[in-house]
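Structure, as structure tokens:
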Amino acid sequence: MADAAVSPEILAEPVKEAEPHLILVDGSGYIFRAFHALPPMTRPDGVPVNAVFGFTNMLGQFLTRHAGTHIAVVFDASRVTFRNAIYDQYKAHRPEAPPELVPQFALIREATAAYGVACIELDGYEADDLIGAYAKGFEALGGQVTIVSSDKDLMQLVRPGVQLLDPIKQKPIREPEVLEKFGVTPDKVVDVQALAGDSTDNVPGVPGIGIKTAAALINEYGDLEGLLAAAPGIKQPKRREALLSNAELARISKKLVTLDCDAPLPRPIDELLARPPEPGRLAGFLREQGFRSLLHRMGLDGDAAPETAPVSRPRFAPQLPEAAPGTVTEITPAADEAPFGPYETVVDEAGLAPFIAAAREAGVVAVDTETDSLDALHANLVGISLAVAPGKACYIPLRHGPPPGTGDMLQEAPVAPAQMSQEAAIAALKPLLEDPAVMKVLHNAKYDLEVLCRAEHGGIAVSPVDDTMLISYSMDAGRHGHGMDELSLRHLGHRPITYDEVTGTGRARIPFGQVALDKATAYAAEDADVTLRLWRALKPRLRPDQALALYEQVERRMIAVLRDMEIAGIKVDGAELTRIGEDFSARMVVLEKEIHELAGKPFNVGSPKQLGEILFDEQKLPGGKRGKAGAWGTDAAVLEDLASRGHELPRKVLHWRQLAKLKSTYVEGLAAQIDPRDKRVHTDFSMAITSTGRLSSTEPNLQNIPIRTEEGARIRRAFVAEPGHVLLAADYSQIELRLLAHLADVPSLREAFEKGEDIHSRTAADIFNLAPDQVDREARRRAKTINFGIIYGMSAFGLASRLGIPAAEARSIIEAYFSRYPGILEEMERLKSEAREKGYVTTPFGRKLWIDGIQAKEQARRGNAERAAINAPFQGGAAEIIKRAMVRMPRALREAGLSARMLLQVHDELLFEVPEAEIEATAECVRQVMESVAELRVPLKAEIGHGPNWGVAH
DNA sequence: TACATCACG
DNA sequence: GACGTACGTGATGTAC
């Protein structure tokens with residue numbers, strides 16, 4: 001390869017240039033990964049090519065980085081191999097390849113050849129055998145071998161000259177990693193596999209023996225034969241019996257998993273010599289598939305492909321430029337064939353006018369603002385970009401200064417580049433941005449709307465608005481992230497320039513306003529272009545995906561609601577925070593001294609590592625458990641357990657930790673966020689982060705302000721109303737349990753909600769068979785734990801550990817719960833199978849929530865996903881109810897003649913700032929909206945309070 | 001940067 | 001037989 005000397009960053013140790021090094025790529029792994037990672041794509045002739053695209057992309061990237069002298073991609077040739085002669089069930093219930101994948105195999109071999117890389121395959125042998133054989137042959141010639149695969153079946157090949165490279169984690173797999181996976185050294189892996197078997201490949205193994213047990217046995221007896229010979233003397237009767245009666249099965253299994261390193265080499269090793277691709281052949285292949293973005297990235301779309309180079313065309317043609325006859329279009333679902341750039345830098349009215357005209361003509365324009373900060377309320381507008389058609393976008397710099405470091409003492413001072421005045425640009429753009437006949441498309445519109453509505457930026461009220469981030473989130477919450485770069489790669493097959501690439505990172509970062517105009521244009525106009533293309537690709541999916549109403553009526557309307565809440569902010573009493581901080585500090589000093597005395601020496605109380613060593617190594621307290629990193633666990637549950645046994649040290653540490661948390665996160669963190677201009681804190685609500693439809697809140701997070709302890713509540717009381725106002729808090733009561741009663745249609749729970757009873761007391765009476773007046777605090781506490789546990793998919797084990805009762809008792813409580821409340825168990829099972837079959841569950845209002853990992857093979861991961869699937873409709877349904885209330889609230893208040901401002905949302909609570917004279921009327925209005933926003937089988941209930949501060953209002 | 005911890009619903 | 005064990009977030013400090 002031409003770049004064989006390039007530093008091999010993904011290999012653990014640099015390989016000397018002269019040293020022969022063979023890279024063997026497990027082709028099947030790449031194909032499988034590409035096929036499942038990418039959405040369906042087809043060529044214009046209908047041939048599916050998503051796996052081809054992914055494979056070509058991955059291989060191309062790999063080839064620019066690897067450091068081998070020799071390289072080959074190894075494929076499986078056929079399903080039937082010599083292993084089927086040994087055991088006819090081998091890989092028997094492997095499903096056939098999906099039909100869309102079948103035609104792609106040949107194209108993938110073509111891609112490999114186009115890169116100038118040898119394809120290796122042989123009838124009757126698996127890729128793994130050939131990999132083993134080439135590794136053996138190459139090693140014999142004195143070379144090093146790297147196998148690009150994370151397949152555990154290849155781990156048996158690891159030895160000093162042979163390593164695996166995990167292509168996902170980009171991490172080498174050597175003896176320690178194998179030891180971690182199988183519990184034995186690589187040379188014993190086949191013995192462990194022979195015992196443990198492998199259900200995916202139908203390798204039988206010995207029933208009842210898993211990897212852990214197998215490793216222990218092999219480490220004790222050396223290898224399979226040693227173990228089988230010693231089997232009659234094994235103590236555990238079941239295990240002895242299993243080994244004795246399945247000895248032959250284990251021997252067969254070992255043959256199945258042992259790779260045939262003596263397989264014939266279909267091509268001599270010399271032919272694997274790495275060499276650069278012939279540009280013509282590669283470009284030809286990429287062009288045939290329509291992989292324009294890859295052609296572009298590899299610089300092959302210039303001279304090498306003159307017939308597809310963009311011809312000059314009218315700058316503002318009303319429709320897309322037509323493709324030259326005989327060429328293919330981009331392979332992505334929304335085939336936008338225009339290239340990404342070059343774009344125009346607009347520096348005067350004459351340059352801007354055609355874009356405004358084109359936007360009006362098209363009725364749609366993508367808009368993106370460039371600023372110098374992520375904080376929309378403080379950011380300065382540096383420039384604006386517009387896109388009016390795919391590939392047709394401009395950047396309007398407004399406040400670009402001179403680039404740094406261009407001047408020296410002998411030259412004149414650097415000058416700012418020529419650009420439009422902000423006033424002129426705003427004057428020209430404001431009518432367009434406020435024109436009801438022109439749709440403005442933005443990505444994360446809330447940010448740009450917040451910047452543009454500020455008076456110093458012209459007070460522009462952008463409308464109407466579409467938001468590609470929210471369009472994506474409405475359909476694909478939980479499926480993937482919704483950032484522009486990720487969506488572009490996923491849906492357009494295009495990797496946009498990143499902000500970091502333009503401004504640099506760390507110390508070298510320069511403000512966007514100092515980025516040279518050509519670079520700024522390439523970045524900013526591309527973002528508008530990408531936004532417009534995403535809109536064209538994603539918006540049409542809304543209706544077929546049954547997400548149109550959700551997007552139009554909830555998500556889109558939330559933009560302005562949240563914008564106004566963020567702008568409003570909430571007042572924080574900084575002087576009170578200071579007093580709280582001083583008080584906490586003083587108490588921490590005392591506690592710290594006492595803790596050091598109890599420990600017998602000073603140490604950093606804030607270090608869990610040091611604390612664990614003192615508690616469990618030095619003082620030998622009982623109940624220590626190590627985490628995965630080998631450090632002692634010292635979280636609150638552990639310390640509380642120790643404290644309850646009378647130990648002073650953990651009790652004091654718990655108190656110290658509480659104060660430390662409150663002080664650093666809330667007292668100091670919050671004080672730093674107070675805007676000096678209005679003494680208020682302005683959070684940023686994230687609309688497309690959570691997998692369930694909830695909002696999240698950052699910088700500062702105002703959704704986790706303390707309340708559960710008295711010390712924490714002091715913080716909450718520092719959130720105050722303006723003079724003449726109060727804070728009014730409205731909470732949905734038991735909203736998730738109401739959704740449970742609704743969804744599972746549980747008669748007793750419905751009746752309790754209907755009558756306004758305490759739901760946990762009702763549950764206690766129901767499952768413990770008590771009369772209502774027999775329910776004591778303990779019974780209610782247990783019932784409450786169960787009620788919440790159910791919504792979280794809790795197991796008997798979890799309930800037992802939370803209630804501190806034996807697992808058997810927990811099991812019988814859960815049994816009573818399910819039998820007393822018919823419908824709930826069925827609903828839980830239904831949610832799990834819905835998630836398994838469709839990949840998503842839905843809220844009662846129809847929002848799809850995708851469940852990641854529901855198909856995972858690993859039981860732990862799948863278990864997590866199943867619990868997430870159970871919880872998602874409740875959490876997500878509640879989120880949707882409160883969002884509906886929020887979008888109706890401003891109008892309801894306005895029509896009632898009320899001037900209350902909505903300030904915060906905390907999942908099931910809304911916080912308002914209300915003039916004292918309007919308290920009662922506002923409470924009534926808020927209640928009306930919140931309780932009428934959904935018609936369930938149970939009533940919705942809002943609990944409302946008010947006071948001079950948030951602590952009292954709650 | 002990863003992990004542990006802990007604040008909230 | 002093994003493996004984990006209640007969902008969803010964001011901020012902070014320590015240690016690597």
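Convention: sequence-line order gives letters A, B, ...; per-chain numbering from 1.
- With sequence neighbours excluded, the residues forming a side chain to side chain donor-acceptor pair (under 3.5 Å) with A:K446 are A:E566, A:D684, listed by chain and number.
- In this entry the distance linking CZ of A:R861 with C1' of C:dA2 reads 18 Å, nearest Å.
- Residue A:R862 places no side-chain N or O under 4.0 Å from the OP1 or OP2 atom of C:dG4.
- A:F788 comes within 4.0 angstrom of a base, heavy atoms only.
- Where pairing requires Watson-Crick or G-U contacts shorter than 3.5 Å, the helical stems of DNA chain C with at least three consecutive pairs are B:1-9 with C:7-15.
- With hydrogens and angles left out, the side chain of A:S696 and the base of C:dT9 share no donor-acceptor pair within 3.5 Å.
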Which nucleotides of nucleotides 11-16 of chain C have their base under 4.0 Å from a protein heavy atom (B), which only their sugar-phosphate (S), and which neither (-), written as one string 5' to 3'?
BSSSSS
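- Across all strands shown, A:A636 has heavy atoms under 4.0 Å from sugar-phosphate atoms exclusively, and none from any base.
- For A:T634 and B:dT5, the shortest distance from a side-chain N or O to OP1 or OP2 is below 4.0 Å.
- Among the atoms of the strands shown, only primed sugar atoms or phosphate atoms (P, OP1, OP2) are found under 4.0 Å from some heavy atom of A:I707.
- At C:dC7, one or more side-chain N or O atoms of A:R867 fall inside 4.0 Å of OP1 or OP2 (strictly under the cut-off).
- A:I689 comes within 4.0 angstrom of sugar-phosphate atoms only, judged by non-hydrogen atoms across all strands, and of no base.
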Result block: side-chain N/O donor-acceptor pairs under 3.5 angstrom for residues 795-811 of chain A, not counting sequence neighbours:
residue: A:S795; atom: OG; partner: A:F797; partner atom: N; Å: 3.4
residue: A:S795; atom: OG; partner: A:G798; partner atom: N; Å: 3.2
residue: A:S801; atom: OG; partner: A:G798; partner atom: O; Å: 3.1
residue: A:E809; atom: OE2; partner: A:R782; partner atom: NH1; Å: 3.3

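- Summarising the geometry, the separation between CH2 on A:W656 and P on B:dC6 is reported as 11 Å, rounded to the nearest angstrom.
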Can you list, pair by pair, the side-chain donor-acceptor contacts under 3.5 Å of residues 630-642 of chain A, counting residues two or more places apart and other chains?
residue: A:W632; atom: NE1; partner: A:D617; partner atom: OD1; Å: 3.3
residue: A:W632; atom: NE1; partner: A:D617; partner atom: OD2; Å: 3.4
residue: A:T634; atom: OG1; partner: A:R657; partner atom: NH2; Å: 2.9
residue: A:D635; atom: OD1; partner: A:A637; partner atom: N; Å: 3.3
residue: A:D635; atom: OD1; partner: A:V638; partner atom: N; Å: 3.2
residue: A:D641; atom: OD2; partner: A:R645; partner atom: NE; Å: 3.2
residue: A:D641; atom: OD2; partner: A:R645; partner atom: NH2; Å: 3.1

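- Across all strands shown, A:R708 has heavy atoms under 4.0 Å from base atoms, whether or not it also approaches the sugar-phosphate.
- The nearest whole Å value for the distance from the CG atom in A:D635 to the P atom in B:dT5 is 5 Å.
- Counting atom types as modelled, A:Q703 pairs no side-chain N or O with a base atom of B:dC8 as donor and acceptor under 3.5 Å.
- For the pair A:Q673 CD and B:dA7 C1', the computed distance is 16 Å after rounding to whole Å.
- B:dG9 and C:dT5 have their P atoms separated by 24 Å, given to the nearest Å.
- Rounded to whole Å, atom C1' of C:dT9 lies 14 Å from atom CG of A:L702.
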Might you work through the salt bridge (Lys or Arg N to Asp or Glu O under 4.0 Å) test for A:D476 and A:K848, ending with a clear yes or no?
CA-CA 7 Å; A:D476 293 330; A:K848 284 181 194 168; over 6 Å; no
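- Rounding to the nearest 0.5 angstrom, the gap separating the CG atom in A:L727 from the CZ atom in A:F912 is 11.5 Å.
- Side-chain contact between A:T692 and A:F874 is absent, with no heavy-atom pair separated by less than 4.5 Å.
- Other residues, nucleotides and ligands contribute only 12 or fewer heavy atoms inside 6.0 Å of the CG atom of A:L374.
- If you take CD of A:Q859 and P of C:dG1, they are 14 Å apart, rounded to a whole angstrom.
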Would you sort out whether A:D852 and A:R861 count as a side chain to side chain contact (heavy atoms under 4.5 Å, CB included), showing the intermediate values?
CA-CA 9 Å; A:D852 184 42; A:R861 194 164 158 234; 4.0 Å; yes
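- For residues 206-219 of chain A, proximity to DNA chain C is found at A:G208, A:K212, A:T213, defined as any non-hydrogen atom under 4.0 angstrom from a strand atom.
- In terms of phosphate contacts, A:S691 brings a side-chain nitrogen or oxygen within less than 4.0 Å of OP1 or OP2 of C:dT9.
- Out of C:dA6, C:dC7, B:dA7, the shortest distance to the side chain of A:M794 is found at C:dA6.
- Partner A:M930 forms a side chain to side chain contact (heavy atoms under 4.5 Å, CB included) with one of A:L940, A:L910, A:I944 and no other, that one being A:L910.
- What separates CD of A:E613 from C1' of B:dA4 is a distance of 14 Å, to the nearest Å.
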Are A:S474 and A:E555 close enough, and set up right, to give a side-chain hydrogen bond (donor to acceptor under 3.5 Å, both in side chains), and what steps lead you there?
CA-CA 7 Å; A:S474 298; A:E555 295 298 338; 5.3 Å; no
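- When the nearest nucleotides of DNA chain C are assigned to A:T690 and A:G793 by heavy-atom distance, the more 5′-ward of the two goes with A:G793.
- Distances were taken from every side-chain heavy atom of A:A860 (C-beta onward) to each of C:dA6, C:dC7, C:dG4; the shortest belongs to C:dG4.
- If you take CD1 on A:I570 and CG on A:L911, they are separated by 5.0 Å, rounding to the nearest 0.5 Å.
- Phosphate proximity of B:dG9 to A:R694: absent, as no side-chain N or O sits under 4.0 Å from OP1 or OP2.
- Comparing C:dG4 with B:dA4, their P atoms are spaced 14 Å from each other, to the whole Å.
- Figure legend: A:R884 and A:F845 shown as a cation-pi pair, the cationic atom lying under 6.0 angstrom from the six-membered ring centre and within 45 degrees of its axis.
- The NZ atom of A:K661 sits 6.5 Å away from atom OH of A:Y666, with the distance rounded to the nearest 0.5 Å.
- Nucleotide C:dG10 holds its P atom 14 Å from the CD1 atom of A:I705, rounded to whole Å.
- Using a 3.5 Å distance cut-off with no hydrogens or angles, the side chains of A:E711 and A:H655 do pair a donor with an acceptor.
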